[in-house]
Amino acid sequence: MAKIEKSPDEWQQQLTPEQYRVAREKGTERPFTGDYQVQDTQGIYHCVCCHAPLFENEHKFDAGCGWPSFDRPLGSRCVEEHTDTTHGMQRTEVVCSHCDAHLGHVFPDGPPETTGLRYCINSVSLEFHPDE
């Protein structure tokens, strides 16, 4: 599948300033300020940039970190992972595999009874589709 590519101006017209800063400029929203607290509503979280399905509410958990956390993506081809050495740390960045939108990072401190992974995702990079 070909990547969705747009100019910075096209992305800025489509996204809010905060969505653009986080998803296109690899920013981070402040913890505990975003949407998508843990809830029982069935649904799928999509990329705010290209609307590709990324995460299922069923795999969301409360990590207490201030960002939506999932133990796995919807499928193995939904996201890509890249080494991120910014801010003097070595982390694994998570991006949308369809448009390269920055979503957040994945850490090996998730629920041990499932995958052991914590996909720590910026809520402004997501849009929730209930009952999907």
Side-chain angles (χ1 to χ4, degrees):
M1 177 181 216
K3 294 266 187 185
I4 296 170
E5 295 184 20
K6 295 183 181 183
S7 71
D9 286 340
E10 289 173 305
W11 286 122
Q12 284 178 323
Q13 289 174 14
Q14 175 185 330
L15 303 169
T16 68
E18 180 70 352
Q19 289 169 332
Y20 182 83
R21 184 185 72 78
V22 171
R24 304 315 313 173
E25 296 181 327
K26 301 184 183 295
T28 301
E29 66 189 358
R30 290 180 311 143
F32 301 103
T33 61
D35 294 330
Y36 306 132
Q37 301 303 314
V38 174
Q39 56 185 318
D40 291 333
T41 306
Q42 175 61 32
I44 304 290
Y45 293 87
H46 291 249
C47 176
V48 73
C49 294
C50 72
H51 313 293
L54 301 172
F55 297 95
E56 189 171 8
N57 198 53
E58 177 182 331
H59 300 290
K60 189 170 184 210
F61 65 96
D62 185 1
C65 63
W67 294 277
S69 297
F70 303 86
D71 70 354
R72 69 193 81 173
L74 189 59
S76 61
R77 295 184 180 190
C78 295
V79 300
E80 293 176 1
E81 298 177 5
H82 304 286
T83 300
D84 176 3
T85 58
T86 60
H87 307 293
M89 297 180 271
Q90 180 153 352
R91 302 177 290 174
T92 302
E93 178 191 19
V94 179
V95 301
C96 174
S97 63
H98 302 285
C99 72
D100 289 331
H102 172 73
L103 304 172
H105 293 86
V106 61
F107 301 97
D109 60 358
E113 64 277 1
T114 61
T115 64
L117 299 173
R118 173 174 56 99
Y119 286 81
C120 185
I121 306 299
N122 291 286
S123 65
V124 297
S125 295
L126 301 173
E127 55 185 24
F128 184 61
H129 295 205
D131 300 321
E132 204 175 75

Kindly assign one of parallel, tilted or perpendicular to the pair Phe70 and Tyr45, based on the angle between their ring planes and the thresholds 30° and 60°.
perpendicular
Partners meeting side chain to side chain donor-acceptor pair (under 3.5 Å) with Thr41 (sequence neighbours left out)
Gln39
What residues form a side chain to side chain donor-acceptor pair (under 3.5 Å) with Glu132, not counting sequence neighbours?
His46, His129
Heavy-atom side-chain contact between Cys47 and His98 under 4.5 Å
no
Parallel, tilted or perpendicular, as decided by the 30° and 60° cut-offs, for the rings of His105 and His102:
perpendicular
Go through Ile44 and Asn57 one step at a time and tell me if the side chain to side chain contact (heavy atoms under 4.5 Å, CB included) criterion holds.
CA-CA 6 Å; Ile44 304 290; Asn57 198 53; over 6 Å; no
Non-hydrogen side-chain atoms of Val79 and Pro73 separated by less than 4.5 Å:
yes
For the pair Arg30 and Glu18, find out whether any cationic side-chain nitrogen is under 4.0 Å from an anionic carboxylate oxygen.
no
Kindly indicate whether the side chain of Asn122, heavy atoms from C-beta on, has any atom under 4.5 Å from the side chain of Thr28.
yes
Just by distance, do the side chain of Ser97 and the backbone of Val95 share a donor-acceptor pair under 3.5 Å?
no
According to salt bridge (charged side-chain N to carboxylate O under 4.0 Å, His left out), does anything in residues 104-128 pair up with another residue at least two apart or in another chain? List the pairs.
Asp109-Arg118
Show, in sequence, the C-alpha distance, side-chain angles and deciding distance for Gln42 and Glu56, and conclude whether the side chain to side chain donor-acceptor pair (under 3.5 Å) test is met.
CA-CA 8 Å; Gln42 175 61 32; Glu56 189 171 8; 3.2 Å; yes
Between the side chain of Trp67 and the main-chain N/O of Glu29, is any donor-acceptor distance below 3.5 Å?
yes
Ring pair (Phe, Tyr, Trp, His ring centres under 6.0 Å) with Tyr20: which residues, sequence neighbours excluded?
none
Are the side chains of Cys65 and Pro31 in contact, using a 4.5 Å heavy-atom criterion?
no
Of all heavy-atom pairs linking Lys60 and Pro68, the shortest is CE-CB, 3.9 Å
If you measure from NZ on Lys6 to CZ on Arg24, what distance do you get to the nearest 0.5 Å?
9.0 Å
Between Ser123 and Asp35, is there a side-chain donor-acceptor contact under 3.5 Å, judged purely by atom types and distance?
no
From Leu74 atom CG to His59 atom NE2, the distance as rounded to the nearest 0.5 Å
7.5 Å
Compare all side-chain heavy atoms of Leu126 with those of Ile121 and state whether any distance is below 4.5 angstrom.
yes
Report the distance from atom CD of Glu10 to atom SG of Cys49, rounding to the nearest 0.5 Å.
12.5 Å
What residue pairs, at least two apart or across chains, pass salt bridge (charged side-chain N to carboxylate O under 4.0 Å, His left out) with a residue in residues 82-96?
Lys26-Glu93, Asp84-Arg91
Any side-chain heavy atom of His82 sitting closer than 4.5 Å to one from Thr92?
no
Exercise: identify the closest heavy-atom pair between Ser69 and Cys120:
OG-CA, 4.4 Å
In chain order, what residues pass the side chain to side chain contact (heavy atoms under 4.5 Å, CB included) check against Leu117, with sequence neighbours excluded?
Val106, Thr115, Tyr119
Cluster link Ile4 to Leu103, ILVMFWY, side chain under 4.5 Å:
no
Specify the closest pair of heavy atoms between Phe61 and Gly110, including all atoms of both residues, with the distance to one decimal.
CZ-CA, 4.2 Å
